[in-house]
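The structure under discussion appears below in the form of structure tokens.
Just so it is clear, the structure is predicted and the values come from calculations on it, not from any experiment. One-based numbering along the sequence shown.
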Amino acid sequence: MITKELISPKSIVVVGGSEDTHKPGGNVLKNLIDTKFSGNLYVVNPKSEKIQGVVSYPTVEELPQVDLAILAIPASMCVSAVKTLCNKKACKAIIIYSSGFHESSSEGALLEKEIVKIVTKAGASLIGPNCIGVLTPGYSGVFTKPIPRLNPMGADIISGSGATAVFIIEASIELGLTFSSVFSVGNSAQLGVEDILEYLDNTYVHGKSSPVKLLYIESINKPEKLLKHSQSLIKKGAKIAAVKSGYSEAGSRAASSHTGALASPDKAVSALFTKAGIIRCYSRTELVTVASVLMYPKPNGKRMAIITHAGGPAVMLTDVLSANGIDIPEISGPKADALLARLFPGSSVSNPVDFLATGTAVQLSDIIDACEKDFDVDSMAVIFGSPGLTTVYDVYDVLIDKIKKSKKPIYPIMPSVVNVKDEIEHFQNKGGISFPDEVAFGSALAKVLNQKTNPDKFDLPPVDTKMIRSVIDNSSDGYLDPEDVQILLDAAGISRAKEIVAKTETALRKGAKEIGYPLVMKVVGPVYKSDVGGVVLDITDEETLVIEFNRMMKIDQTTAVLIQPMLSGTQIFIGAKREDKFGHLIMCGLGGIFVEALGDVNTSLNPVSKQEASEMIQNLKSYSLIKGSRGQEGVNEFLFSEAIRRVSALCNFAPEIFEMDLNPLLGNSKQVIAVDARIRIEKQIKN
């Protein structure tokens with residue numbers, strides 16, 4: 001629960017406040033004083049009656065009632081202080097800077113649990129411990145610097161790391177990006193990133209609340225809450241960008257199937273972000289650049305005019321935009337000629353519009369007006385620096401004026417961060433946000449424009465839930481028998497090849513007559529059948545059938561042989577993997593040996609909508625093979641998509657499915673049929 005006292009307290013006490021501004025307790029007090037906190041301010045410090053001019057009490061017990069307490073004292077002293085503050089001083093918000101809690105030792109973890117218990121029972125909010133604090137329009141409750149410019153329409157940032165929050169703020173100041181609030185959640189003992197996001201969602205009013213939310217996440221503990229409130233915020237008009245650190249595969253556990261090998265916790269994060277509508281970033285620089293792009297109105301399309309007085313940066317920007325599907329359309333015709341006549345000889349308006357190093361503020365104004373009224377573009381990027389020979393205040397004044405008045409977004413790229421440092425600061429003081437690097441800007445813009453929106457509703461195909469639950473409830477952990485796999489596929493409406501499992505020659509011959517030649521034979525037991533010689537194709541006679549059966553039954557771990565009709569088509573793959581806390585990851589790609597060899601697999605978080613299933617298929621690098629190329633028959637995309645969604649529906653009603661492989665399915669223009677399937681059950685689900 002986030003209390004009003006955490007957001008806008010009328011009184012604050014710094015427990016452990018000091019004269020030494022090199023210490024957290026001293027510097028937060030200085031920040032509160034310097035930013036003119038309007039409420040009552042107190043200090044607890046037994047060594048002096050006044051600290052930095054603020055009345056100091058020797059103990060917490062002697063304080064008057066107080067809304068918010070900031071603790072900068074040793075961990076061992078925090079429990080007693082919190083107990084007194086919450087139970088005797090009506091304190092409804094606690095921020096603990098101190099380390100020495102669960103991040104340090106088991107003893108610290110016990111202290112942390114005790115504090116959470118006290119705070120929660122009192123109906124109060126707790127930020128931290130092990131954090132830098134909170135910054136809102138009401139107060140500067142952080143012990144760090146710099147204190148960024150606050151603006152109700154600036155960005156909100158929620159960070160799991162205090163130091164990272166500071167570095168993000170520093171990087172943002174260089175661009176002119178302002179903030180509405182900063183929350184450093186530290187250990188997230190009571191309130192984590194997801195809880196703060198919930199508060200921002202519940203209090204969001206479009207046009208009055210911060211339009212951009214930035215997240216730095218080290219651990220996602222409540223993915224359902226993150227998904228719910230991200231989708232809600234975005235539906236209301238907000239935009240979210242996030243860094244989730246720790247995405248390397250170094251710590252991923254071994255897997256026993258194709259799906260398990262391809263799935264990972266980080267793929268779950270990416271799938272969650274995609275479904276939520278969060279733009280995923282991989283560095284602080286990328287995060288603040290994306291945030292700055294999001295602060296501008298979104299263009300109506302992907303056609304951009306590049307306006308420049310320097311050729312090289314314009315070429316590099318053109319390259320990165322073009323590589324990411326952003327169009328730089330050629331500008332020509334009578335209106336282009338009329339614009340060119342107003343520029344210096346040697347200029348070009350073909351796009352990029354190059355008005356030379358000698359270009360003037362008046363010429364820039366003319367170019368922007370032409371792009372606004374006469375040319376078929378949706379946005380403009382203006383690259384303008386200086387070799388240091390003259391000032392460029394007039395150019396940047398034109399830019400800020402046009403940015404505020406233009407109906408098309410204008411993105412200012414100001415590369416001369418040394419030569420025109422004062423002019424850039426002048427531009428930003430007028431409310432401008434600028435970009436120092438054209439390639440970083442171009443990559444960020446592409447991420448924003450290529451971000452897909454997902455539907456709120458997921459109408460999964462109907463399945464036989466009674467039959468699904470019967471199989472699952474009567475199964476044990478581990479891989480299901482082929483017969484149970486067949487029942488589940490049939491219950492989910494997933495087309496499959498007819499299969500007969502034979503343990504004896506008699507059953508084998510009988511099954512072959514029932515199915516008919518040509519046949520496929522596969523061992524039952526080993527996971528990777530091809531690796532052990534456990535797959536034989538195109539069996540056309542009984543003699544070969546029996547010889548291969550006897551050979552296969554001698555393969556280690558083989559318990560039987562499965563026979564199927566020999567089918568044709570493109571090999572494709574659908575899989576599912578349960579990732580604890582996140583639910584199921586649903587995957588698709590080319591099948592057979594190509595699954596792991598190419599790694600060309602797309603992933604979505606369950607449940608999968610029609611739109612998501614289609615995009616999973618169409619965004620494969622091998623999509624041309626799915627469509628059919630060079631005379632090869634393609635795969636029916638509707639049936640492929642339908643099979644993906646039926647796997648999604650199966651997992652929806654059978655959360656005990658831990659791993660599921662349909663590999664391969666054979667697809668052609670008329671059918672998509674599973675010819676091999678494995679399902680592994682684990683009934684213990686971690687939340």
- [ ] With sequence neighbours excluded, tell me which residues meet side-chain contact (heavy atoms from CB on, under 4.5 Å) with Ser270.
- [x] Asp266, Arg280, Tyr282
TODO: Taking side-chain contact (heavy atoms from CB on, under 4.5 Å) as the test, write out the residues that go with Ala171, two or more places apart.
DONE: Val288
Decide whether [X] and [Y] meet the rule of one side-chain donor and one side-chain acceptor closer than 3.5 Å.
X      : Y      : result
Lys408 : Asn300 : no
Gln428 : Ser434 : yes
Gln190 : Thr120 : yes
Ser210 : Ser180 : no
Asp20  : Ser18  : no
Glu103 : Asn187 : yes

Hey, is the main chain of [Y] close enough, under 3.5 Å, to the side chain of [X] for a donor-acceptor pair?
X      : Y      : value
Ser322 : Thr318 : yes
Asn31  : Val142 : yes
Ser125 : Met1   : yes
Glu438 : Ile413 : no
Asn130 : Gly100 : no
Ser56  : Asn45  : yes
Gln52  : Gly26  : yes
Glu194 : Lys222 : yes
Asp67  : Lys10  : yes
Asp156 : Lys213 : no

State whether [X] and [Y] are salt-bridged, where the test is any N-O pair (Lys NZ or Arg NE/NH1/NH2 against Asp/Glu carboxylate O) under 4.0 Å.
X      : Y      : result
Glu170 : Arg284 : no
Lys236 : Asp201 : yes
Glu286 : Lys447 : yes
Lys373 : Asp369 : no

Sub-4.5 Å side-chain heavy-atom contact between [X] and [Y]:
X      : Y      : answer
Ile132 : Phe143 : yes
Ser11  : Gln65  : no
Pro436 : Leu175 : yes
Val420 : Thr391 : no
Met380 : Glu372 : yes
Pro329 : Val377 : yes
Asp34  : Ile147 : no
Cys78  : Ile73  : yes

- [ ] For residues 295-326, pull every pair meeting ring pair (Phe, Tyr, Trp, His ring centres under 6.0 Å), keeping only residues two or more places apart or in separate chains.
- [x]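 Qualifying pairs, neighbours excluded: Tyr296-Tyr411, His309-Phe384.
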Open item on the list: With side chain to side chain contact (heavy atoms under 4.5 Å, CB included) as the criterion, how do Val392 and Met414 come out once you've worked through the C-alpha distance, each side chain's angles and the decisive distance to 0.1 Å?
Closed with: CA-CA 11 Å; Val392 292; Met414 301 177 176; over 6 Å; no
Locate the shortest heavy-atom distance separating [X] from [Y]; write the atom from each residue and the value.
X      : Y      : result
Ala446 : Asn324 : CB-CB, 3.4 Å
Thr289 : Thr285 : OG1-O, 2.6 Å
Leu126 : Ala189 : CD2-CB, 4.0 Å
Val417 : Ile424 : CA-CD1, 4.0 Å
Gly237 : His206 : O-CE1, 3.6 Å
Phe441 : Ala381 : CE2-CB, 4.1 Å

Mind checking the [atom1]-[atom2] spacing from [X] to [Y]? Nearest 0.5 Å is all I need.
X      : Y      : atom1 : atom2 : value
Leu233 : Tyr204 : CG    : OH    : 7.5 Å
Ile51  : Glu19  : CD1   : CD    : 5.0 Å
Cys371 : Asp366 : SG    : CG    : 11.0 Å
Ile12  : Ile95  : CD1   : CD1   : 7.5 Å
Ser416 : Ile383 : OG    : CD1   : 11.5 Å
Leu68  : Leu41  : CG    : CG    : 10.0 Å

Open item on the list: For a side chain to side chain contact (heavy atoms under 4.5 Å, CB included) check, start with the C-alpha distance between Leu200 and Ile158, then their side-chain angles and the critical distance, and finish with the verdict.
Closed with: CA-CA 10 Å; Leu200 295 179; Ile158 314 168; 3.9 Å; yes
- [ ] List in chain and number order the residues that pass side chain to side chain donor-acceptor pair (under 3.5 Å) with Lys244, two or more places apart in sequence or in another chain; answer none if no residue qualifies.
- [x]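 Once residues adjacent in sequence are excluded, Lys244 has no partner under the side chain to side chain donor-acceptor pair (under 3.5 Å) criterion.
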- [ ] Go through the structure and list residues passing side chain to side chain donor-acceptor pair (under 3.5 Å) with Gln363, not counting sequence neighbours.
- [x] none
Open item on the list: Which residues pass the ring-ring contact (aromatic ring centres under 6.0 Å, His included) test with Phe167, not counting sequence neighbours?
Closed with: none
TODO: Only one of Val448, Leu294, Ile278 passes side chain to side chain contact (heavy atoms under 4.5 Å, CB included) with Lys239; say which it is.
DONE: Leu294
Open item on the list: Just checking His426 against Tyr393, ring centres under 6.0 Å apart?
Closed with: yes
Open item on the list: With a 6.0 Å cut-off (strictly less than), is the heavy-atom count around NZ of Lys228, excluding the residue itself, greater than 12?
Closed with: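 No, because the 6.0 Å sphere around NZ of Lys228 holds 12 heavy atoms or fewer from other groups.
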Open item on the list: Tell me if the NZ atom of Lys89 is crowded by more than 12 foreign heavy atoms within 6.0 Å.
Closed with: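 Yes, NZ of Lys89 has more than 12 neighbouring heavy atoms, counting only those of other groups under 6.0 Å.
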- [ ] Determine, stepwise, if the pair Ile367 / Val382 fulfils side chain to side chain contact (heavy atoms under 4.5 Å, CB included).
- [x] CA-CA 10 Å; Ile367 295 167; Val382 177; over 6 Å; no
- [ ] Mind running side chain to side chain contact (heavy atoms under 4.5 Å, CB included) on Phe101 and Ile96 for me, showing each step along the way?
- [x] CA-CA 11 Å; Phe101 290 91; Ile96 302 179; 4.2 Å; yes
